[in-house]
Enquirer: 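Okay, here's the structure, questions in a sec.
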Amino acid sequence: MSRPAYKRILLKLSGEVLMGNQQFGIDPDFVAELAKEVKAAKDTGLEVCLVIGGGNIFRGMAGAARGMDRAQADYMGMLATVMNALAMQNALEQIGVQTRVQSAVQMDAVCEPVIRRRAERHLEKGRVVIFAAGVGAPYFTTDSGAALRAAEMKCDALLKGTSVDGIYDSDPKKNPNAKRYTKLSYLDVLQQGLAVMDATAASLCMDNRLPIAVFDITEPGNIKRIVCGENIGTIVREEV
Ligand code: UDP
């Protein structure tokens with residue numbers, strides 16, 4: 001079996017990938033497929049932290065655009081991420097992967113609060129730790145939550161699984177001549193405003209020298225390819 005290039009990673013999935021082919025919500029069959037991918041990566045000997053967005057259910061910005069109070073809408077978005085985390089926990093445990101969900105918004109009947117040392121212990125025991133509710137505050141995104149948890153858990157890389165196979169100079173879904181980058185620096189991303197993650201999240205990765213690997217999660221086997229060091233997608237790091 002190929003050896004992993006990293007020891008501990010944080011995998012960030014946008015909520016939208018949990019929709020499968022649906023327009024909204026959670027497709028349990030597709031979540032089951034994603035869980036198998038996570039298991040395959042973990043079986044290479046890797047420690048895995050997970051962060052899942054909430055965009056398949058609710059985004060604070062969308063609520064605010066329709067007249068809602070932004071902070072109130074953001075709290076709804078954070079709750080959406082907890083639902084996604086529980087769906088992924090269920091799918092992983094059904095295939096024998098032990099997991100714990102830790103939420104930045106405390107809800108003791110459902111999951112643990114975020115406690116770094118406890119998360120560390122879960123990883124040592126071979127459990128996947130799913131961090132929910134982002135940073136636990138409005139006006140942030142789950143990309144910032146992912147960067148924060150990856151830094152505090154001392155992950156070797158943040159893997160961002162999306163429906164596009166990397167970072168492009170323009171939207172490949174609209175421009176057939178869009179060019180995909182294989183490597184970028186944090187400053188390239190920030191200065192060119194490339195659509196990989198928001199500036200808060202990208203800055204946090206830059207400050208903590210945390211490499212970001214952007215790849216297509218819908219292609220089976222890709223998580224394992226990335227963790228085994230294959231050059232797919234786009235890597236963002238200090239030196240290019
Ligand atoms: N959110 C928040 N604070 C956080 C993380 C998330 O307020 O730390 C809210 C915000 O409204 C966001 C929603 O939760 O729109 C869902 O997260 P996100 O948009 O990052 O999900 P994704 O785009 O990854 O599916």
Side-chain angles (χ1 to χ4, degrees), residues 9-27 30-31 34 38 49-89 91 101-107 110-111 113-114 116 119 129-153 158-164 166-167 171 173 189 193-205 208 210 212-218 223 233 236:
I9 54 111
L10 186 140
L11 174 65
K12 159 78 209 298
L13 303 178
S14 68
E16 280 170 3
V17 300
L18 271 57
M19 297 193 300
N21 293 323
Q22 299 175 178
Q23 296 302 309
F24 174 82
I26 299 169
D27 175 350
F30 197 72
V31 178
L34 288 172
V38 173
C49 303
L50 261 178
V51 166
I52 309 175
N56 54 323
I57 300 171
F58 196 83
R59 274 209 181 89
M61 290 279 264
R66 300 196 52 192
M68 288 183 71
D69 175 71
R70 167 79 191 267
Q72 181 81 352
D74 277 342
Y75 276 106
M76 291 171 65
M78 282 184 254
L79 296 182
T81 71
V82 180
M83 291 177 64
N84 285 337
L86 295 181
M88 180 56 82
Q89 175 172 49
V101 174
Q102 293 201 345
S103 170
V105 171
Q106 234 166 297
M107 42 184 100
V110 174
C111 57
V114 177
R116 185 179 61 83
V129 181
I130 309 172
F131 292 104
V135 306
Y139 294 90
F140 285 93
T141 62
T142 48
D143 279 349
S144 290
L148 171 65
R149 300 300 167 218
E152 75 174 317
M153 296 308 297
L158 193 167
L159 273 48
K160 185 166 165 158
T162 71
S163 56
V164 181
I167 306 173
D171 186 348
K173 289 181 179 162
V189 169
L194 295 169
V196 46
M197 52 178 55
D198 59 88
T200 310
S203 306
L204 199 53
C205 292
N208 293 288
L210 181 70
I212 310 164
V214 183
F215 68 103
D216 181 1
I217 186 76
T218 64
I223 306 181
V236 182

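Both ligands and their constituent atoms are indexed starting at 1 by order of listing.
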Enquirer: Looking only at distances, can you tell me whether any N or O atom of Asn56, backbone or side chain, sits closer than 3.5 Å to an N or O atom of ligand 1?
Expert: no
Enquirer: Given Gly77, Gly53, Gly60, which has its nearest heavy atom closest to atom 15 (O) of ligand 1?
Expert: Gly60
Enquirer: Find out whether Thr81 and Leu79 are in side-chain contact, i.e. whether some heavy atom of one side chain is under 4.5 Å from a heavy atom of the other.
Expert: no
Enquirer: Looking only at distances, please establish whether an N/O atom of ligand 1 is found under 3.5 Å from an N/O atom of Leu13.
Expert: no
Enquirer: Would you say Phe58 contacts ligand 1, with heavy atoms under 4.0 Å as the rule?
Expert: yes
Enquirer: Are any of the N/O atoms in Gly55 less than 3.5 Å from those in ligand 1?
Expert: yes
Enquirer: Tell me: protein heavy atom nearest atom 5 (C) of ligand 1, and distance?
Expert: Thr141 C, 3.3 Å
Enquirer: Do any nitrogen or oxygen atoms of Gly54 come within less than 3.5 Å of a nitrogen or oxygen of ligand 1?
Expert: yes
Enquirer: So, does Lys12 sit close enough to ligand 1 that a heavy atom of it is under 4.0 Å from the ligand?
Expert: yes
Enquirer: Which heavy atom of the protein is the closest neighbour of atom 19 (O) of ligand 1, given with residue, atom name and distance?
Expert: Arg59 NE, 3.2 Å
Enquirer: Who passes side chain to side chain donor-acceptor pair (under 3.5 Å) against Thr162, sequence neighbours left out?
Expert: none
Enquirer: Please say whether Pro138 places an N or O atom under 3.5 Å from an N or O atom belonging to ligand 1.
Expert: no
Enquirer: Is there any N or O on Asp74 that sits under 3.5 Å from an N or O of ligand 1?
Expert: yes
Enquirer: Could an N or O of ligand 1 be found under 3.5 Å from any N or O of Tyr75, whether backbone or side chain?
Expert: no
Enquirer: Can you give each donor-acceptor pair under 3.5 Å made by side-chain atoms of residues 61-68, sequence neighbours left out, with the distance rounded to 0.1 Å?
Expert:
none

Enquirer: Indicate yes or no: does an N/O atom of Asp143 lie under 3.5 Å from an N/O atom of ligand 1?
Expert: no
Enquirer: Give me the residue, atom name and distance of the protein heavy atom closest to atom 1 (N) of ligand 1.
Expert: Phe140 O, 3.4 Å
Enquirer: Using a plain distance cutoff, I'd like to know if Met61 has any nitrogen or oxygen under 3.5 Å from a nitrogen or oxygen of ligand 1.
Expert: no
